[in-house]
There are 2 protein chains.
Amino acid sequence: MKTTLSDHLLERIAERFRVLGEPARLRILRRLLAGECTVGELAQEADLSQANTSKHLAVLLAARLVERRSEGNSAIYRVNDPTLAPLCQLMCDGFAARLEAEARAIGASIEPARGAVARRPRRATS
Amino acid sequence: MKTTLSDHLLERIAERFRVLGEPARLRILRRLLAGECTVGELAQEADLSQANTSKHLAVLLAARLVERRSEGNSAIYRVNDPTLAPLCQLMCDGFAARLEAEARAIGASIEPARGAVARRPRRATS
DNA sequence: TGACTATATGAGCGCATAGTTATATAGTCA
DNA sequence: TGACTATATAACTATGCGCTCATATAGTCA
């Protein structure tokens with residue numbers, strides 16, 4: 001069983017969330033989840049300047065979400081945190097559930113005028 | 001199986017992460033995960049001003065992480081998103097894994113000099 | 001109605017940070 | 001060594017946002 005988290009731990013957790021709360025960093029991580037990659041490739045595929053990419057990678061590195069190694073002239077980054085993929089998966093699930101709720105709400109506001117309209121069976125909140 | 005997320009979806013996901021990347025909001029959610037609650041109670045227990053609490057709740061409401069109902073003079077908030085608890089759990093797991101890795105790294109740099117030092121038994125991640 | 005309580009919201013301030021540009025550092029290859 | 005490439009970083013700007021203070025809105029109770 002799980003007791004409540006201490007304030008300090010909560011701040012650390014918040015910091016992890018904050019690091020992920022940036023589209024540019026998520027684009028980088030999306031690419032890295034497909035496999036390790038150099039900074040230049042990341043910059044190109046995430047549509048970011050080289051300097052900006054480097055900075056975001058520094059943030060991800062400080063959060064230990066990625067790890068870095070040098071190879072010749074290049075720096076190669078890869079995902080380091082095994083919880084990252086399930087985390088994003090769960091986030092997408094929550095997002096899908098919300099979209100579905102919105103769809104239901106819109107449907108509910110339209111359908112009363114038409115009476116019993118065939119309604120899609122409730123799906124699991126996948 | 002899961003294809004790569006579109007840029008637009010990624011931005012929505014980032015927004016969700018960003019909402020969670022704030023210690024004050026996590027304190028609010030921590031309280032709400034224990035049960036629904038009025039704004040005043042939340043302000044007190046999360047150690048926030050009334051105005052600030054209200055604003056954070058507005059953010060959480062816009063993100064559909066909580067829902068709101070009026071009762072008499074008060075507003076009662078409760079957690080709305082079923083993925084929230086597992087999300088935090090996963091985040092804590094990732095954090096614990098990181099701490100453990102750090103501990104191993106420190107241990108590895110210290111222990112070679114002393115050999116097998118008595119190690120405290122592993123505790124659950126609080 | 002008026003006094004009181006609970007919540008929401010607007011204005012303003014200060015700080016954190018994402019972005020750019022320019023430059024430094026470090027490796028490769030001739 | 002010098003030219004070239006890849007990456008990191010410093011200086012700067014602009015914007016977003018968390019916070020406070022003051023005020024508006026809405027409900028309760030006399």
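Lettering of chains follows the sequences in order, A, B, ..., and the numbering in each one begins at 1.
Side-chain nitrogen and oxygen atoms of B:S49 include none within less than 4.0 Å of the OP1 or OP2 phosphate oxygen of D:dC19. Not one side-chain nitrogen or oxygen of A:H56 sits closer than 4.0 Å to the OP1 or OP2 atom of C:dT17. The side chain of A:N52 contributes an N or O atom lying less than 4.0 Å from OP1 or OP2 of C:dG19. At D:dC17, one or more side-chain N or O atoms of B:R18 fall inside 4.0 Å of OP1 or OP2 (strictly under the cut-off). An OP1 or OP2 oxygen of C:dA8 is reached within less than 4.0 angstrom by a side-chain nitrogen or oxygen of B:R68.
C:dC29: Watson-Crick or G-U partner is D:dG2, with both key distances under 3.5 Å. Figure legend. D:dG18 is base-paired to C:dC13; pairs are counted as Watson-Crick or G-U wobble with both atom distances under 3.5 Å.
Within 4.0 Å of B:A51, counting heavy atoms only, lies at least one base atom of the nucleic acid. Residue-level contact check: B:S74 touches the backbone only, with heavy atoms under 4.0 Å from sugar-phosphate atoms and none from bases. Within the 4.0 angstrom heavy-atom criterion, only backbone atoms of the sugar-phosphate kind lie near A:T38; the bases stay farther away. Using a 4.0 Å heavy-atom cutoff across all strands shown, B:A58 reaches no nucleic acid atom at all.
Under 3.5 Å, the side chain of A:N73 and the base of C:dT28 form no donor-acceptor pair of N or O atoms. If you check distances only, the side chain of A:Q50 never reaches the base of D:dA6 with a donor-acceptor pair under 3.5 Å.
Between A:E22 atom CD and D:dT15 atom P the separation is 16 Å, expressed in whole Å. Nucleotide D:dA6 holds its P atom 14 Å from the CG atom of A:L42, rounded to whole Å. Remark: C1' of D:dT28 and CD of B:E71 are 14 Å apart, rounded to the nearest angstrom. Atom-to-atom, CD of B:E15 to P of C:dA18 comes out at 16 Å; the value is rounded to the nearest Å. Between the C1' atom of C:dA18 and the CZ atom of B:F17 lies a distance of 19 Å, rounded to the nearest Å. Whole-Å rounding puts the A:L61 CG to D:dT9 C1' distance at 14 Å. Note: CD (B:Q44) to C1' (C:dT7) measures 16 Å, nearest angstrom.
In this structure, the side chains of B:R30 and A:L10 come closer than 4.5 Å at one or more pairs of heavy atoms. In this structure, A:L60 and A:V19 have side chains that are in contact, with non-hydrogen atoms separated by less than 4.5 Å. The closest side-chain heavy-atom distance from A:I76 to A:R68 is not below 4.5 Å.
We find that B:E67 and B:R69 are not joined by a salt bridge, their nearest charged nitrogen and carboxylate oxygen being 4.0 Å or further apart. Residues A:D81 and A:R16 are paired through a salt bridge, judged by an N-O separation under 4.0 Å between the basic side chain and the carboxylate.
Nearer to the 5' terminus of DNA chain C, by closest-nucleotide assignment, is the contact made by B:I76 (compared with the other of B:I76 and A:R27). Along DNA chain D, the nucleotide nearest A:K55 and the nucleotide nearest A:Y77 are compared for position; the residue whose nucleotide lies closer to the 5' end is A:Y77.
With respect to A:L26, the side-chain contact (heavy atoms from CB on, under 4.5 Å) criterion is satisfied by exactly one of B:I13, B:L9, B:L5: B:I13.
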